[in-house]
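Have a look at the structure below before the remarks.
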Amino acid sequence: MLVVMQAHATEDQVRAVCRKIEKLGYRPHPMPGATRTAIGITGNQGEVEQGTLEEMPGVQEVIKVSKPYKLVSRDVKEDNTIIRFAGTQAQIGGRGLAIVAGPCAIENRDQAFAVAERVHRAGAQFFRGGAYKPRTSPYSFQGLGVEGLRIMAEIRRHFGMKIITEAIDNESLDLVEEWADVIQIGARNMQNFSLLKRAGRAKKPVLLKRGMSATLEEFLMAAEYILSEGNYNVALCERGVRTFADHTRNTLDLSLIPAVQRLSHLPILVDPSHGTGKRNKVTPLSRAAVAVGADGLLIEVHHQPDQALSDGMQSLFPDQFDDLMAQVRQIAAVLDRTVPEIGEREPVAVGT
Ligand code: PEP
Ligand code: MN
C-alpha cells in the first residue's frame with residue numbers, strides 16, 4: 001500500500017500518518033519527492049484498512065501497489081534516487097556518471113596506491129578493491145581482510161576518493177560498514193537474504209550486484225529487502241549473466257538498464273569487467289553501457305594485470321582506463337550527462 005500525500009502537506013501531517021501506520025502494526029517508509037511525499041507501507045500481510053488513513057489531514061489518496069516490489073518501484077517514488085556523500089561532489093545517480101575503478105582485490109599497499117593514483121588522475125570518484133573475495137576455489141587468494149580495509153581508508157585520506165568494497169557475510173559487513181563508504185553485495189550473495197537484511201540496517205549506501213542468473217524481478221526483490229529494512233541508499237549493478245555463450249566470461253545484459261529505469265527509481269551501474277571477463281571488450285562495452293543510459297561504470301584496473309592475484313585477464317592497464325574515460329565522456333555528452341575530467345589532479349589529504 002502507498003499513501004500519497006497532498007503537494008502542500010506539512011511535515012507534521014506526514015509524521016502523523018507515519019505514526020498511525022505504526023499504530024496499525026506496520027512499517028511506514030516516507031519517500032519525499034520533488035512534488036509530493038509518498039509513504040510506502042510494509043509489514044502488512046493482507047490489505048490495510050484504507051479508510052482510516054484516507055481521512056487523515058494532508059492525505060491525497062491511498063493506493064494499492066500491485067507489483068511484488070514496492071519501495072524500489074517508481075509507483076512509490078517517481079524521481080530518480082541520487083546517493084550523495086557529505087563533503088564531496090561524488091554521487092551515484094543524477095546527471096554526473098559515477099565512475100568506480102580499482103583492482104579486483106587489494107593485494108598490498110604499493111599495488112593499491114599505484115592503481116589509485118592513476119584512476120584518481122583519470123577522474124574516478126570511487127575507488128574499489130576487494131578485501132574479502134568470494135573465490136570459486138578455496139585455494140585462491142581470499143583477500144587481505146581488515147588490512148585491505150585499512151589500506152583503502154588510507155587511499156581515501158590521500159586522494160579523497162570514496163571507497164567501495166564487498167562484504168561477503170555479516171561479520172565482514174560490520175567491518176566494511178565501519179571502514180568503507182559504500183557496501184558492495186556481490187553477485188554470489190544477491191539472494192543471501194539475511195545479508196541483505198543486515199545491509200538494510202546499515203548506515204552506509206549499498207551497491208547491489210545482479211546475481212549471475214537473476215531475473216529482473218529477482219534483482220529488484222533483492223533490493224527491496226534492503227529498502228524494507230530502512231536503507232534507501234541502494235544502487236544496482238549489472239555485471240553479466242550466465243548464458244550458453246563462451247566467447248565471454250558472462251553475457252553483459254545491457255537491455256536490463258532501460259528495463260530497470262522504467263520500473264525503479266534506483267540508480268544502475270554497469271560492470272563490463274566481470275560482464276565480459278576480457279580486457280579487450282571492456283572499453284567497447286563501457287561505451288555501450290553509457291549510451292544505453294547507465295548511471296555509472298565499475299571498471300577493474302591494475303598496474304600490472306599479468307601479475308594480479310585475481311581477474312588479471314579483465315583488468316585494464318591504467319593507460320587503457322584513460323582512453324576509456326575519454327571515449328565515454330564523448331558519449332555521455334550526447335545524452336547530456338557528464339564524466340569527471342581527466343587531469344593532473346593533485347592528491348588531497350582529507351579526513352575520513
Ligand atoms: C567484484 O566486483 O569484485 C566481484 C566479485 O563481482 P561479482 O560479485 O559481480 O562477481
Ligand atoms: Mn574481480
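When reading the values below, keep in mind they use all heavy atoms of this one structure, side chains included, and skip hydrogens, waters and symmetry mates. Quick note: residue numbers are just sequence positions, from 1. Counting starts at 1 for both ligands and their atoms, in listed order.
- Within D311, the N, O or S atom at minimum distance from the Mn ion (ligand 2) carries the name OD2.
- Electrostatic pairing of E217 and K67 does not count as a salt bridge here, judged by no charged N lying under 4.0 Å from a carboxylate O.
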Item to check | salt bridge (charged side-chain N to carboxylate O under 4.0 Å, His left out) assessment of E147 paired with R150 | outcome: CA-CA 5 Å; E147 178 54 21; R150 280 206 189 93; 3.7 Å; yes
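- Atom 8 (O) of ligand 1 has A187 N, 2.8 Å as its closest protein atom, hydrogens excluded (heavy atom only).
- In this structure, M212 falls outside the shell of residues with a heavy atom less than 4.0 angstrom from ligand 1.
- A salt bridge links D311 with R249: the closest approach of a Lys/Arg side-chain nitrogen to an acidic carboxylate oxygen falls below 4.0 angstrom.
- Geometry at the Mn ion (ligand 2): OE2/E300 and NE2/H274 form an angle of 90°, nearest 10 degrees.
- For E61, the CD atom counts as densely surrounded, since its 6.0 Å shell holds more than 12 non-hydrogen atoms of other residues, nucleotides or ligands.
- Closest approach of E229 to R27, counting heavy atoms only: O-NH2, 3.0 Å.
- Of the protein's non-hydrogen atoms, the one nearest atom 5 (C) of ligand 1 is E166 OE1, 3.6 Å.
- Here's the thing with Q184: one of its N/O atoms is less than 3.5 angstrom from an N/O atom of ligand 1.
- To the nearest 0.5 Å, atoms NZ (K20) and OG1 (T52) are separated by 5.5 Å.
- Checked by atom type and distance alone, the side chain of E238 pairs as donor or acceptor with a backbone atom of D253 at under 3.5 Å.
- Contact analysis puts R128 in contact with ligand 1, with a non-hydrogen atom separation below 4.0 angstrom.
- Looking only at heavy atoms of the protein, atom 9 (O) of ligand 1 is closest to R239 NE, 2.6 Å.
- Comparing heavy-atom distances from atom 6 (O) of ligand 1 across E300, K209, R249 singles out K209 as nearest.
- Looking at E177 and K204, no side-chain N of the basic residue comes within less than 4.0 Å of a carboxylate O on the acidic one, giving no salt bridge.
- Residue-ligand proximity, G186 to ligand 1, at heavy-atom distances under 4.0 Å covers atoms 8 (O).
- When hydrogens are left out, the protein atom nearest atom 4 (C) of ligand 1 is H274 NE2, 3.5 Å; that is the closest non-hydrogen contact.
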